Amino acid sequence: QVQLVESGGGLVQAGDSLRLSCAASGRTFSAYAMAWFRQAPGKERDLVAAITWSGGATYYANSVKGRFSISKDNGKNTVYLQMNSLKPEDTAVYCCAANLGSSYYTAISGYDYWGQGTQVTVSS
C-alpha cells in the first residue's frame, strides 16, 4: 500500500509561482514513476507532468511546457511540481499519482495510487 499526501496549494495572482509537494509512504519510493494530474471544475482530469522512477525522463502537457517542472527526491520520498508564470487557467485541484513501475504513463489508468489533491487558484 502507498499513501500520497499533497501540499503547497493556495491562492496566488497571475504570474506568481507555487511549488507543490507530494510525500509518499509505504513501499520503496524509488521504484515508482510519478505524475501530477489536475482537474478544473466541470472538466476531466488531465495529466500535467510525469517522471520516471529514476528521474531521468519527464513528460509535460503542452499547456505547461516551459512553465512547470517536475522533480523527484527519492531520499525524501517526495515528488515536486514547480509552477512558474501561473495563469488563471491553471486553476484546478492538483493530484499526484504513483505507478509501481519504472516508466510513466499518460493515461489515468496507468497509475495505481492517488493522493487527495491540493487546490490551486490563480486570480487574474
Side-chain angles (χ1 to χ4, degrees):
Q1 190 71 12
V2 174
Q3 293 80 42
L4 303 174
V5 180
E6 301 95 337
S7 61
L11 172 63
V12 297
Q13 293 186 331
D16 285 351
S17 298
L18 275 177
R19 188 176 79 158
L20 305 183
S21 300
C22 174
S25 60
R27 296 191 181 189
T28 304
F29 182 71
S30 60
Y32 315 154
M34 300 292 295
W36 286 95
F37 286 79
R38 68 185 181 187
Q39 187 167 20
K43 295 188 177 181
E44 295 184 348
R45 182 173 293 187
D46 293 325
L47 177 64
V48 176
I51 190 167
T52 55
W53 70 274
S54 66
T58 56
Y59 167 90
Y60 296 97
N62 287 335
S63 58
V64 305
K65 279 182 182 177
R67 300 188 299 122
F68 289 14
S69 177
I70 187 170
S71 60
K72 191 171 182 273
D73 187 334
N74 289 335
K76 295 183 178 180
N77 288 356
T78 302
V79 63
Y80 303 98
L81 184 67
Q82 178 66 44
M83 305 186 295
N84 299 327
S85 302
L86 282 161
K87 304 176 181 180
E89 51 264 43
D90 294 318
T91 295
V93 174
Y94 285 70
C95 296
C96 66
N99 164 41
L100 298 182
S102 59
S103 299
Y104 59 75
Y105 292 89
T106 57
I108 292 174
S109 59
Y111 293 87
D112 305 291
Y113 297 98
W114 292 83
Q116 292 296 310
T118 184
Q119 176 71 46
V120 172
T121 303
V122 185
S123 64
S124 57

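Predicted model, so just to flag it, every value in this text is computed and none were measured.
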Taking [X] for the side chain and [Y] for the main chain, is one N or O donor matched with an acceptor at less than 3.5 Å?
X: T121; Y: V12; answer: no
X: K72; Y: T52; answer: no
X: T78; Y: A23; answer: no
X: Y104; Y: A49; answer: no

Looking only at heavy atoms, which two atoms of [X] and [Y] are closest? And how far apart?
X: S69; Y: Y60; value: CA-OH, 3.3 Å
X: A40; Y: A92; value: N-CB, 3.8 Å
X: A33; Y: Y111; value: O-CE2, 4.4 Å
X: L47; Y: A61; value: O-CB, 3.5 Å
X: A14; Y: S124; value: CB-CA, 4.4 Å
X: Q116; Y: E6; value: N-OE1, 3.1 Å

Is the count of non-hydrogen atoms from other residues, nucleotides or ligands lying under 6.0 Å from Q3 atom CD greater than 12?
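Yes, enclosed.
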
Does some side-chain heavy atom of [Y] sit less than 4.5 Å from a side-chain heavy atom of [X]?
X: R38; Y: D90; result: yes
X: V122; Y: D16; result: no
X: L4; Y: M34; result: yes
X: Q119; Y: T91; result: yes

Here's one to test your reading of the geometry: is the NZ or CZ of R45 within 45 degrees of the ring axis of F37 and under 6.0 Å from its centre?
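Negative - R45 is either too far from the ring of F37 or too far off its axis.
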
Are [Y] and [X] co-members of a hydrophobic cluster defined by side-chain heavy atoms under 4.5 Å apart?
X: W114; Y: W36; answer: no
X: Y32; Y: Y113; answer: yes
X: L100; Y: V79; answer: yes
X: Y105; Y: I108; answer: yes
X: Y80; Y: Y94; answer: no

Decide yes or no on side chain to side chain contact (heavy atoms under 4.5 Å, CB included) for V2 and D112, but give the supporting numbers first.
CA-CA 9 Å; V2 174; D112 305 291; over 6 Å; no

Go through it in stages, so that I can follow the logic: the residues are L86 and F68, the test is side chain to side chain contact (heavy atoms under 4.5 Å, CB included), and I'd like the CA-CA distance, side-chain angles, deciding distance and then a yes or no.
CA-CA 9 Å; L86 282 161; F68 289 14; 3.9 Å; yes

